[in-house]
Amino acid sequence: MNAIIENHLTTNVGAIHQNATQNVPPLLELKRLSKIFTTDAGQVHALSSVDLVLQRGETLGLVGESGCGKSTLARLIMALYPPSAGEILFDGKNIAQSDKAERLARHARLQMVFQDPFSSLNPRQSIGRTLEEPLIVHRRGDKVARKARVSWLLERVGLHLESAWRYPHEFSGGQRQRIGIARALALRPDLIVCDEAVSALDVSIRAQILNLLLDLRAAYGVAYLFISHDLAVVRHMSDRIAVMYLGKVVEQAPSENIWRAPLHPYTQALMSAIPSPHRKSILGNKKRIILQGDLPSPLNPPSGCRFQTRCPYAEARCRAEEPLLQAADKGHTVACHFAIG
Amino acid sequence: MYRIILEHILQNRAAIAGLLLLVAVILIAVLGSFYLPGDPWEMANAPMLWPGDDPDSPLGTDIMGRDIATGMVSGAKVSLLVGFASAFISALVGITFGALGGFYRGWVDAFLMRITELFQTVPQFVLAVVLVAVFKPSVVTAVFAIGIVSWPPTARLVRSAFLVLREREFVLAARTLGMSDPRLILTQLLPNALPPVIVISALNIATAILTEASLSFLGLGDPNVMSWGTIIGNGREQVVDAWYICGIPGIAILVVVLAFNLLGEGLNDALNPQLHKR
């Protein structure tokens, strides 16, 4: 088992190393990205200075509880809102500074699968039209070629060809989510952002969709930013995992590292929350942590470490000083005063 | 999608009744001009003939000897024309203001909604009277005046629908495809905001017909065109001796307005998915 993990790690690090030597920019890079929403109640700090890197063909899992800023992050990357501070570099280019043609080209390479399959399809458009829309907007092929592409997409996600003439209300949640994936795939993107793509689905359907996503990755080398609150699902999908808490990344490491040796108390708490008969082997000798209370309000985040209000190990230093992300191991960073050493 | 809506309309008794009445009025307006090609302003028979007195004037004549049946046919055409045309203008202006305000929000929305409020605070009928009086009274000015005073509710309706729709995930998905704003508005948002607009437009037609009748009654109708309101206005001094002069066009207005209200009601039920399960 350990050997497999080691192997997995080295291939990943190898790929990243290779990119670095060839001086190819990472596919997606977030630099000190912040988002503040101004509301009547005050300023909501949805994201505070987030740094993330996603390599080509890599799957980065992003976990955290509801309200921690995962969806805001996805929408910033999709340029649905502008960031308050920081930069988003896609293929080395700042997305805020792109002109119209660059923006359109980026939209083709960067697609998204949404959470709610009942809201993500236009109820007044046939499925065929919905899948053809991206090709029309990006002027890909003539009418015949587009129709052929739609048929290919439907087949690829395991739907009947007659589905093209049907409307969204005639499909189940799982089928609609597959249509959403087909739409994201239509332009052959380099990166698909999956924002809670399976959370709204039944467990039996969930595995189907996850396997479809894995198949597509194997076939087309597409990279995923896989956002979920479900650690088990993220582990199944991801090469690397980043854990978010209240608008900040608190720990980032290769998937198996997070699973084997979570360093941040919050990550350990998430691990404790997974119902499993083998918990002992996951957490080793560490005590099970059960979080008390709710996520503090992002209107007024706690001083020092954001997790100090719920952390079982919090001390005076945690209330005074904000911990920075530090390297604990190869490719493993954590933001906690006591996690290292 | 639209087939299902049609099925629901055909299952709704109010809608069918409204539709049948409407078809009847359209038939009268179209076929009537073949059977009664005369000028409604011309003296056709002895004055003050009661309906049934003379087979040549089945609905009687007014104090000037003008044939009421001919006038009714002319009035049906005017009412339908004014109703449809002004409801169309009202829908066009209302959708444009509501869509742009709801889609862009911010100062665009604030600006457009202040204009909408300006129109809402002035009494509709008074504004229509002023508009018709300032420009020359004619069918065209009546159509524009009624259209211009009746769009604010449509604008508010479309705006609120757009404010909700613009945050829906299918609209975000279309945005992430790089779709342009006009395309986004026309292909994604508008088709989903349209059903309540269709309902309000059916009711707007009814209101427009009433407003046109009122304007004509006040003598602000087209002087060359006989409308139902004109007949009522002309007959009001003989209402005690010859109530039929006011009564016949009055009943016609009642029937047409009822038809559009029933149709609007039926469309509302058919287009509202929550009511389908009942």
Side-chain angles (χ1 to χ4, degrees), chain A residues 71 74-75 77-81 98 100-126 129-140 166-170 176-177 179-181 183-184 186-187 189 191-193 195-197 200, chain B residues 1-9 95 99 102-110 157-158 161-199 267 270-277:
Chain A
S71 289
R75 286 171 185 205
I77 293 169
M78 298 314 294
L80 289 170
Y81 336 117
S98 50
K100 206 176 167 189
E102 281 174 341
R103 206 158 52 229
L104 200 65
R106 190 187 67 240
H107 281 306
R109 299 179 56 196
L110 176 56
Q111 281 295 304
M112 182 158 174
V113 175
F114 288 85
Q115 174 174 9
D116 180 3
F118 291 92
S119 160
S120 63
L121 300 174
N122 186 344
R124 306 231 167 233
Q125 242 174 17
S126 69
R129 179 75 195 178
T130 296
L131 294 180
E132 202 184 341
E133 203 86 62
L135 305 168
I136 298 172
V137 170
H138 290 271
R139 298 206 173 80
R140 298 264 175 98
R166 304 246 200 96
Y167 285 84
H169 71 269
E170 299 174 59
R176 290 189 200 198
Q177 200 60 314
I179 295 163
I181 291 168
R183 173 176 57 192
L187 297 164
L191 171 61
I192 298 181
V193 175
D195 183 10
E196 301 274 12
Chain B
M1 196 81 204
Y2 288 99
R3 217 191 60 220
I4 299 167
I5 290 167
L6 198 68
E7 275 168 24
H8 279 287
I9 291 171
I95 286 172
F103 187 78
Y104 288 108
R105 302 193 298 190
W107 69 266
V108 178
D109 184 36
L157 193 72
V158 173
F162 266 53
L163 285 174
V164 175
L165 285 170
R166 76 193 296 284
E167 304 298 333
R168 291 276 298 273
E169 287 186 345
F170 72 85
V171 176
L172 297 181
R175 263 184 212 270
T176 63
L177 288 177
M179 206 179 266
S180 63
D181 287 355
R183 197 183 178 91
L184 205 57
I185 291 174
L186 292 174
T187 69
Q188 305 295 317
L189 290 135
L190 197 54
N192 288 288
L194 225 41
V197 175
I198 294 171
V199 173
L267 282 171
L271 296 172
N272 193 342
Q274 262 89 53
L275 291 171
H276 287 181
K277 285 163 204 124

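So that the names make sense, note that chain A is the first sequence line, chain B the second, and so on, each numbered from 1. Hydrogens, waters and symmetry mates are skipped; everything else that's a heavy atom, side chains included, is used. What you see is a predicted model, and the numbers here were worked out from it, not measured in a lab.
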Enquirer: Nearest heavy-atom pair of A:Phe114 and B:Glu169: which atoms, and what distance?
Expert: CB-OE1, 3.3 Å
Enquirer: Relative to chain B, which segment of A:Arg106 carries a heavy atom at a distance below 4.5 Å: side chain, backbone, both, or neither?
Expert: neither
Enquirer: Looking at CD of A:Gln111 and OG1 of B:Thr176, how far apart are the two atoms once the value is rounded to the nearest 0.5 Å?
Expert: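 A:Gln111 atom CD to B:Thr176 atom OG1 measures 5.0 Å (nearest 0.5 Å).
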Enquirer: To check you understand the geometry: which heavy-atom pair defines the closest contact between A:Leu80 and B:Arg175, and what is its length?
Expert: CD2-CD, 3.6 Å
Enquirer: Backbone N or O of B:Leu177 within a donor-acceptor pair of the A:His138 side chain at under 3.5 Å?
Expert: yes
Enquirer: Test A:Ile136 against B:Arg183 for side chain to side chain contact (heavy atoms under 4.5 Å, CB included), laying out the working first.
Expert: CA-CA 11 Å; A:Ile136 298 172; B:Arg183 197 183 178 91; 3.2 Å; yes
Enquirer: Working to the nearest 0.5 angstrom, can you tell me the gap between B:Gln188 CD and A:Gln125 CD?
Expert: 4.5 Å
Enquirer: For the residue pair A:Ser120 and B:Ala173, what are the closest heavy atoms and their distance?
Expert: O-CB, 4.5 Å
Enquirer: How about A:Met78 and B:Leu172: do any of their side-chain heavy atoms sit closer than 4.5 Å?
Expert: no
Enquirer: Which pair of heavy atoms, one from A:Arg124 and one from B:Asn192, lies closest together, and at what distance?
Expert: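 Heavy atoms of A:Arg124 and B:Asn192 come nearest at CG-OD1, 3.2 Å.
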Enquirer: Heavy-atom distances under 4.5 Å only: say whether A:Glu170 touches chain B with side chain, backbone, both or neither.
Expert: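 Contact with chain B: none, neither part.
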Enquirer: I'd like to know which of A:Arg103, A:Arg129, A:Lys100, A:Glu133 tops the heavy-atom pair count under 4.5 Å against chain B.
Expert: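 Greatest number of close heavy-atom pairs with chain B: A:Glu133.
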Enquirer: Measuring heavy-atom distances to chain B, does A:Leu104 have an atom under 4.5 Å in its side chain, in its backbone, in both, or in neither?
Expert: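 Only the side chain of A:Leu104 comes within 4.5 Å of chain B.
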Enquirer: Using every non-hydrogen atom in the two residues, find where A:Pro123 and B:Phe170 come nearest and quote the distance to one decimal.
Expert: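 A:Pro123 and B:Phe170 have their closest heavy atoms at CD-CE2, 3.8 Å.
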